[in-house]
Amino acid sequence: RAKADGRNTARVYNKNLKDEETQRVRLARDLEAAIPANELRLVFQPIADTISLKIVAYEALLRWRHPSLGDIPPDIFVPIAESSGLIGAIGSWVIDEALRAASAWDPKVSLAMNLSPIQFRSVGLAAEICDAALRWDVDFERLELEVTESATLMGFQRDNVLATLEKLRKLGAKVVMDDFGTGHSSLGNLKEFTFDKIKIDRSFVATMNSHASSSSIVRATIGLGKSLGLIIVAEGVETEEQLSVLRRWGCDQVQGFLIGKPMDRFDLVGNGMVLVGP
Ligand code: C2E
Ligand code: MG
Ligand code: MG
Ligand code: MG
């Protein structure tokens with residue numbers, strides 16, 4: 001399940017544990033202690049306007065520093081949290097912590113958060129997000145809720161998920177289809193549900209300048225998104241070459257190591273970020 005940047009870390013602890021199941025059980029047990037032990041934290045990665053490179057949002061990304069195994073990537077522990085029933089508590093922590101951070105930012109800058117489809121099983125999810133936004137005095141218009149199409153829109157929760165998202169959307173939050181192109185029925189999902197924004201998966205961006213098929217997919221997605229009136233974001237932008245192609249094709253926003261790596265919330269200052277309040 002580890003992908004791209006998670007691979008190295010995953011290999012390190014794989015060597016030390018007998019098999020994947022032992023590892024999963026151990027991590028699930030340890031993860032339960034992670035919130036009270038303060039081992040979880042959020043980092044924030046900038047999303048910029050493609051033309052001006054002005055930061056328009058930060059995406060909150062979860063990190064877990066395991067006391068003996070070190071950093072475990074979210075591609076490893078989020079699925080464990082989902083299957084072990086811990087994602088509810090962890091997701092609630094993320095919502096509160098992310099909004100707390102955003103309350104100190106320039107109010108023109110939005111907050112993007114990832115939501116697991118399992119979190120939608122709780123009927124209180126919309127209320128929870130509302131409460132946190134009110135508690136931290138962050139306007140709903142600044143919220144961008146990222147869901148992945150395969151997990152969210154093809155599961156048995158589908159109707160629940162769509163109803164909750166529609167509720168949050170009516171309040172002003174934007175709904176974002178994450179990792180676009182990696183699911184199974186992208187076009188159908190776009191037709192059936194109103195998204196505000198789509199993020200082109202970084203696997204397409206990474207091979208855009210070497211594979212004609214990736215570049216066609218990126219270009220076509222930008223065109224499709226535009227014709228549907230959606231904002232298009234490209235993930236995983238690492239080179240100037242990728243940026244200039246995305247500019248030429250009219251991609252609205254970019255995210256990736258070229259623009260900025262995920263940062264601690266205290267390090268956002270001096271990074272084009274104006275802090276207001278404490
Ligand atoms: P995502 O939402 O698609 O997040 C983007 C991932 O791409 C992040 O990995 C980010 O660090 C990485 N990335 C950004 N720019 C670049 C780049 O230029 N090059 C490369 N190689 N990678 C780049 P990360 O932080 O490891 O997160 C992985 C996934 O874990 C996320 O994918 C998301 O699906 C999930 N995740 C992270 N935080 C949360 C959370 O709070 N809740 C839930 N449910 N899932 C989360
Ligand atoms: Mg995301
Ligand atoms: Mg993504
Ligand atoms: Mg992803």
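Numbering of ligands and ligand atoms starts at 1, following listing order. The figures here come from the full heavy-atom set of this structure, side chains too, leaving out hydrogens, waters and symmetry mates. These figures come from a predicted structure and were not determined experimentally.
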Trainee: Say whether, by atom type as modelled, one donor and one acceptor occur between the side chain of R142 and the main chain of A102 under 3.5 angstrom.
Mentor: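 Present.
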Trainee: Is the contact between V43 and ligand 1 made by the side chain, the backbone, both, or neither, using heavy atoms and a 4.0 Å cut-off?
Mentor: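 Answer for V43: neither.
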Trainee: Which is it for V138 and L111 under the side-chain contact (heavy atoms from CB on, under 4.5 Å) test, yes or no, and what are the steps along the way?
Mentor: CA-CA 9 Å; V138 172; L111 165 70; 5.7 Å; no
Trainee: Just jot down the ligand 1 atoms closer than 4.0 angstrom to any heavy atom of D178, in number order.
Mentor: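 With D178 as reference, the close atoms of ligand 1 come out as 1 (P), 2 (O), 3 (O).
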Trainee: Regarding atom 45 (N) of ligand 1: of the candidates D71, I47, N114, which has the closest heavy atom?
Mentor: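 Closest candidate by heavy-atom distance is N114.
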Trainee: To which of W93, F257, W64, F77 does the heavy atom nearest atom 16 (C) of ligand 1 belong?
Mentor: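 Minimum heavy-atom distance to atom 16 (C) of ligand 1 goes to F257.
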Trainee: Should you measure from each heavy atom of V94, which atoms of ligand 1 turn up under 4.0 Å away?
Mentor: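 Those qualifying, in numeric order: 41 (O).
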Trainee: Keeping T50 on the side-chain end and C251 on the backbone end, is there a donor-acceptor pair under 3.5 Å?
Mentor: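 Yes, because the side chain of T50 sits within donor-acceptor range (under 3.5 Å) of the backbone of C251.
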Trainee: Do the side chains of R202 and D179 get close enough for a salt bridge, i.e. N-O under 4.0 angstrom?
Mentor: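 No, R202 and D179 are not salt-bridged.
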Trainee: Run down the list I259, L61, L40 and name the one with the heavy atom closest to atom 4 (O) of ligand 1.
Mentor: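 Checking each option, the heavy atom nearest atom 4 (O) of ligand 1 is found in L61.
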Trainee: With heavy atoms of D75 as the reference, note each atom of ligand 1 found under 4.0 Å away.
Mentor: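 Here the atoms of ligand 1 in question are 28 (C), 29 (C), 30 (O).
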Trainee: Show, in sequence, the C-alpha distance, side-chain angles and deciding distance for L243 and T239, and conclude whether the side-chain contact (heavy atoms from CB on, under 4.5 Å) test is met.
Mentor: CA-CA 6 Å; L243 176 63; T239 68; over 6 Å; no
Trainee: Can you tell me which N/O/S atom of E59 has the shortest distance to the Mg ion (ligand 2)?
Mentor: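 The atom in question is OE2.
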Trainee: Could you go through M208 and V245, starting from their C-alpha distance and side-chain angles, then the distance that decides it, and tell me whether this counts as side-chain contact (heavy atoms from CB on, under 4.5 Å)?
Mentor: CA-CA 9 Å; M208 203 171 69; V245 171; 4.0 Å; yes
Trainee: Given A234, A112, P74, which one has a non-hydrogen atom that is nearest to atom 36 (N) of ligand 1?
Mentor: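 When every heavy atom of A234, A112, P74 is considered, P74 comes closest to atom 36 (N) of ligand 1.
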Trainee: Using a heavy-atom cut-off of under 4.0 Å, does the side chain or the backbone of E235 touch ligand 1, or both, or neither?
Mentor: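 Near ligand 1, E235 shows its side chain, while the N, CA, C and O stay back.
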Trainee: With the side chain counted from C-beta on, respond yes when I200 and I222 share a heavy-atom pair under 4.5 Å apart, and no when they do not.
Mentor: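 Answer yes - side chains close enough.
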Trainee: Taking a cutoff of less than 4.0 Å between a non-hydrogen atom of the residue and any ligand atom, is R63 in contact with ligand 1?
Mentor: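 R63 counts as a contact of ligand 1 under the 4.0 Å cut-off.
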Trainee: Any nitrogen or oxygen of L115, side chain or backbone, less than 3.5 Å from one on ligand 1?
Mentor: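 By distance alone, the answer is no.
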Trainee: What are the two closest heavy atoms between L31 and A81, and how far apart are they?
Mentor: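 So the two residues come closest at CD2-CB, 3.7 Å.
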Trainee: Taking just the N, O or S atoms of E146, which one is nearest to the Mg ion (ligand 2)?
Mentor: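 The atom in question is OE1.
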Trainee: For V25, what are the other residues in its hydrophobic cluster, where any two members join if their side-chain heavy atoms are less than 4.5 angstrom apart?
Mentor: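 Listed partners: none, V25 stands alone.
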Trainee: Tell me, please: is Q255 in heavy-atom contact with ligand 1, that is, under 4.0 Å?
Mentor: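 Checking ligand 1 against Q255, which is what was asked, there is no heavy-atom contact under 4.0 Å.
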Trainee: Given that the side chain starts at C-beta and the backbone is N, CA, C, O, which of these parts of A206 lies under 4.0 Å from ligand 1, counting heavy atoms, or is it both or neither?
Mentor: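 It is neither; nothing of A206 touches ligand 1.
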Trainee: Find all atoms of ligand 1 within a distance of less than 4.0 Å from any non-hydrogen atom belonging to D179, and give their numbers and elements.
Mentor: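 The atoms of ligand 1 under 4.0 Å from a heavy atom of D179 are 3 (O).
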Trainee: Taking backbone and side chain together, does D178 place any N/O/S atom at a distance below 2.8 Å from the Mg ion (ligand 2)?
Mentor: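 Coordinating: yes.
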Trainee: So do the side chains of M263 and F44 get within less than 4.5 Å of each other, counting heavy atoms only?
Mentor: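 Result no, sub-4.5 Å side-chain heavy-atom pair not found.
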Trainee: Regarding ligand 1, does L62 bring an N or O atom to under 3.5 Å of one of the ligand's N or O atoms?
Mentor: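 Yes.
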Trainee: By atom name, which N, O or S atom of D179 is the nearest to the Mg ion (ligand 3)?
Mentor: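 Going by distance to the Mg ion (ligand 3), the closest N, O or S atom in D179 is OD1.
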Trainee: Taking everything shown except D49 itself, do over 12 heavy atoms lie less than 6.0 Å from its CG?
Mentor: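 Above 12, so yes.
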Trainee: Report the part of K199 in contact with ligand 1, treating N, CA, C, O as backbone and CB onward as side chain, heavy atoms under 4.0 Å; options are side chain, backbone, both, neither.
Mentor: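 The answer is neither.
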Trainee: Under 2.8 Å from the Mg ion (ligand 2) - does any N, O or S atom of E235 fall there?
Mentor: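 Not a single backbone or side-chain N, O or S atom of E235 is under 2.8 Å from the Mg ion (ligand 2).
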Trainee: Using a 4.0 Å heavy-atom cut-off, which part of E59 comes near ligand 1: side chain, backbone, both, or neither?
Mentor: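 Looking at E59 and ligand 1, just side chain atoms fall under 4.0 Å.
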Trainee: I need the minimum non-hydrogen distance between L42 and V94, along with the two atoms involved.
Mentor: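 Scanning both residues, the minimum pair turns out to be CD1-O, 3.8 Å.
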Trainee: What atoms of ligand 1 come closer than 4.0 angstrom to any heavy atom of E238?
Mentor: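 Answer, ordered by atom number: 17 (C), 18 (O), 19 (N), 20 (C), 21 (N).
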Trainee: Are more than 12 heavy atoms, taken from residues, nucleotides or ligands other than E128, located less than 6.0 Å from that residue's CD atom?
Mentor: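 Count over threshold, so yes.
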Trainee: Is T148 close enough to the Mg ion (ligand 2) that one of its N, O or S atoms comes in under 2.8 Å?
Mentor: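 It does not; every qualifying atom lies at 2.8 Å or beyond.
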Trainee: Taking non-hydrogen atoms only, is P73 closer than 4.0 angstrom to ligand 1 via side chain, backbone, both or neither?
Mentor: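 No part of P73 is near ligand 1 at this cut-off.
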Trainee: How close do F140 and A133 get, counting heavy atoms only, and between which atoms?
Mentor: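 Residues F140 and A133, closest heavy atoms: CE1-CB, 3.7 Å.
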Trainee: By number and element, which atoms of ligand 1 are closer than 4.0 Å to a non-hydrogen atom of P262?
Mentor: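 What qualifies from ligand 1 is 11 (O).
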Trainee: Going by the side-chain hydrogen bond (donor to acceptor under 3.5 Å, both in side chains) test, which pairs reach into residues 33-47, not counting sequence neighbours?
Mentor: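 Qualifying pairs: E39-W64, Q45-Q255.
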